[in-house]
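These notes concern the structure reproduced below.
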Amino acid sequence: MATSLTTLTDEARIALDTFAGRASSLFGSPSIRLGVTGLSRAGKTVFISALVHNLIHGGRLPLFEARKSGRISRAFLEEQPDDAVPRFQYEDHIEALVESRIWPDSTRAISELRLTIDFESASGWGRLFSSGRLSVDIVDYPGEWLLDLPLLGKDYAEFCADAFELAALPVRAGLSAEWRKVAETIDANADADEMTARRLAESFTAYLRACKLDERALSTLPPGRFLMPGDLDGSPALTFAPLPRLAAGRARSGSLQAMMERRYEAYKTHVVKPFFREHITRLDRQIVLVDAMQALNAGPGAVADLERALTEILACFRPGKNAFLTDLFSRRIDRILIAATKADHLHHESHDRLQAIVRRLADRAIQRADFSGAAVEVLAMAAVRATREGTVKQGRETLPVIIGTPLKGETIGGETFDGKTETAIFPGDLPDKIDSIFDEGAGAARHEESPIRFVRFRPPKLERDADGLKLSLPHIRLDRALQFLIGDHLA
Ligand SMILES: Nc1nc2c(ncn2[C@@H]2O[C@H](COP(=O)(O)OP(=O)(O)OP(=O)(O)O)[C@@H](O)[C@H]2O)c(=O)[nH]1
Ligand SMILES: [Mg+2]
C-alpha cells in the first residue's frame, strides 16, 4: 500500500513538473536541458567548464556554425531554474584549470548551471519568429551515481545474483575473495543483526573500491553511493550487501535477508529514484562521455567491464521498453552524442581509431537500447587539450609525439615526473585491429602490455594574445560536439 502511494505522488509531481517546464518555455526564452553523462572520472566537470569558457570567452570554434558565421552576439551565465540545487562552481573550476593548472576534484554532489546564448537566426523567417535567445541548463553530478540507474529495474534477488556472478569473473576474483569469504559464512535466514549487516556492507564496499583503482579501472560497480556516499554515509539505506543462498519466495520476517531486502528497496526509493526523476528524466539532449583510454590502459577485462556498464546505463535512457522507466520520462531525448574524451593523450593519427573503439564499445548498448527516433553520433574529442603535437627523430625514424607537462608523480618506463617539466612522449599506436582489445579471455586476469603509454598531463599553459589577455582553453573537436548538441536550436 505504502509503495503504491509513493508512486502515485511521484507521477503527479512529474506531471506538474512537465507542465511547469512547458509553460516556462512558452512564456520565457526557450531552454534545453543538456545531460552530461559519464562514469566517474570520465571528464564531465572538465567538459562543462570548457564548454562554457569557450562560449563566453570567444574560444576558437570553427565547426560551431552559429559562432563561425558571427551570429552569436553574447553568451553569459544566468540564474539557474532550480533554486534547491547548488550552483555549478564554474568560476572556481576555471580558476583551477587556467591559473593553477590543476584539474578539478572529483564531484561529490549535484550542481547546476544555466548558460544563455543571444543569437541572430540564420533565416529571415527565423528572425521573425524566434526570440534569438536560448538557455542551456547543464547538471553536473558524481559519476558513481549513474551506476545506480540499472538497479531501478532489479529486485534484491537479481541484484545479489548479478553481484556474485560479476565478482567471480577472472578480472575480479582476486579483489572480491575476501568479501566472498565473509559472505559465504552468512545464513540469509538467520536473525537480522546490525553488526553483521555492517560487516558485510564494509567488506563489499572495500571490494568495490579496489575495483575502481587506476590499475584495474573497472566500471560496473553498483551501488554507486557505496563509493560516493555524500551525506548518506552510515545510514541504514547504505548498510546492505548482497547475500548468498537466498530463501526462495518471501524472506522470513525478522531475518537478515528481509532486512537487507528492505534496505535495498529503501536505497532505490529514497536515493536512486529521486535522482533519476529530478535530473535524468527531464533531459532533451545528452552527451555520454567515455574514458576509453583508462580502460584500454588497464586491459581487456576493464574494456569489457566498461562496455557492460555502458550497456546497462544506456538501457535506462531507452524510451518504450521498460514501462516503469518510460512513465517517468517527461521529455524525449532526441540527440545523443557518445564522446571518447581525453583524445589529447594520443597523436591525431590515432583519433580515428579511438573513435572506432568507442563506437564498438557503445554499439551493443545503442542497439539494445534502440533509441528509436534519436540521432546518435560518436566522436573522439578532448574538452581541454593538455598537449601539443610534435615529432622526434630516433635514428632514421621520425616518431609522432605529444608534448605536455605530466602530472607530478606520473611515471613512464621507470622515470617519475616532477609536474613542472615539459616532456615529449611517444604515446604509441592504438591497434588497427580492434578485436584484440575486446578479447576478454586473452588477458583478463593479469593485465597485458597495453598498446598505449598513458600518462596524465597538467592542464595547458594558456597563450596570451597581443594585449596580454589569456586566450580560451584549447580543445579537440569541442566545436563539433557543440554543433551536434545545440547547433540546430541556433539555426
Ligand atoms: N588531458 C585531458 N584530461 C582530461 C580531460 N578531461 C578530463 N581529464 C582528466 O580526467 C580527470 C577527470 O575529469 P573530471 O571532469 O573531473 O571527471 P568527472 O566525470 O567530472 O568525474 P567525477 O566528478 O568523479 O564523476 C581530470 O582530473 C583530468 O585528469 C581532457 O579533455 N583532457
Ligand atoms: Mg565531476
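Reckoned from all heavy atoms, side chains included, excluding hydrogens, waters and symmetry mates. Here the structure is a predicted model, which is why all the values come from computation and not from measurement. All ligand and atom numbering here is 1-based and tracks the order in the structure.
Among protein heavy atoms, the minimum distance from atom 6 (N) of ligand 1 is reached at Val46 CG1, 3.5 Å. Scanning the protein heavy atoms around atom 20 (O) of ligand 1, the nearest turns out to be Thr45 OG1, 2.8 Å. Closest protein heavy atom to atom 18 (P) of ligand 1: Lys44 N, 3.4 Å. Of all protein heavy atoms, the one lying nearest to atom 10 (O) of ligand 1 is Lys342 NZ, 2.9 Å. Ranking the protein heavy atoms by distance from atom 13 (O) of ligand 1 puts Gly43 CA, 3.5 Å first. With hydrogens left out, the protein atom closest to atom 30 (C) of ligand 1 is Val384 O, 3.3 Å, a heavy atom. Looking from atom 28 (C) of ligand 1 to the surrounding protein, the closest heavy atom is Trp103 CD2, 3.4 Å.
The pair Arg335-Asp488 meets the salt-bridge criterion, since a charged nitrogen lies less than 4.0 angstrom from a carboxylate oxygen. Taking 4.0 Å as the cut-off between side-chain N and carboxylate O, Asp363 and Arg360 do not count as a salt-bridged pair. Contact check on Arg282 versus Asp82 returns a salt bridge, with a Lys/Arg side-chain nitrogen under 4.0 Å from an Asp/Glu carboxylate oxygen. By the 4.0 Å N-to-carboxylate-O rule, Asp291 lies too far from Arg41 to be salt-bridged with it.
Under a cut-off of 6.0 angstrom, the local environment of CZ in Arg71 is crowded, with over 12 non-hydrogen atoms contributed by other residues, nucleotides or ligands. Within 6.0 Å of CD on Glu91 lie more than 12 heavy atoms contributed by other residues, nucleotides or ligands. Atom CZ of Arg87 has more than 12 neighbouring heavy atoms from other residues, nucleotides or ligands inside a 6.0 Å radius.
Between Asp105 and ligand 1, no pair of N/O atoms sits closer than 3.5 Å. Here's the thing with Ala383: one of its N/O atoms is less than 3.5 angstrom from an N/O atom of ligand 1. Among the atoms of Ser106, some N or O lies under 3.5 angstrom from an N or O of ligand 1. Of the N or O atoms in Arg456, none lie within a sub-3.5 Å distance of an N or O in ligand 1. Checking only distances, Arg41 does come within under 3.5 Å of ligand 1, N or O to N or O.
Using a 4.0 Å cut-off to heavy atoms of Gly143, the atoms of ligand 1 that qualify are 25 (O). Of all atoms in ligand 1, numbered sequentially from 1 with element shown, those under 4.0 Å from a heavy atom of Pro142 are 25 (O). The ligand atoms of ligand 1 that sit less than 4.0 angstrom from a heavy atom of Ala42 are 17 (O), 19 (O). Annotation for ligand 1: atoms under 4.0 Å from non-hydrogen atoms of Ala382 are 31 (O).
Look at Gly38 and you'll find every heavy atom at least 4.0 Å from all atoms of ligand 1.
Using a 4.0 Å cut-off between heavy atoms, His345 contacts ligand 1 through its side chain alone, with no backbone atom that close. Looking at Asp344 against ligand 1, only its side chain comes within 4.0 Å, counting heavy atoms.
The aromatic ring centroids of Tyr156 and Phe240 lie 6.0 Å or more from each other. For His345 and Phe454, the ring centers are positioned less than 6.0 Å apart.
Look at Thr107 and the Mg ion (ligand 2): an N/O/S atom of the residue is under 2.8 Å from the metal. Under 2.8 Å from the Mg ion (ligand 2) lies an N/O/S atom of Thr45, whether from backbone or side chain.
Between Tyr264 and Phe159, the ring-plane angle classifies as parallel under the 30° and 60° cut-offs.
Annotation for Ala217 and Ala298: closest pair CB-CB, 3.9 Å, computed over non-hydrogen atoms.
In terms of modelled atom types and a separation under 3.5 Å, the side chain of Arg67 and the main chain of Gly59 share a donor-acceptor contact.
Within the 4.5 Å cutoff, the side chain of Thr423 has no heavy atoms near those of the Thr405 side chain.
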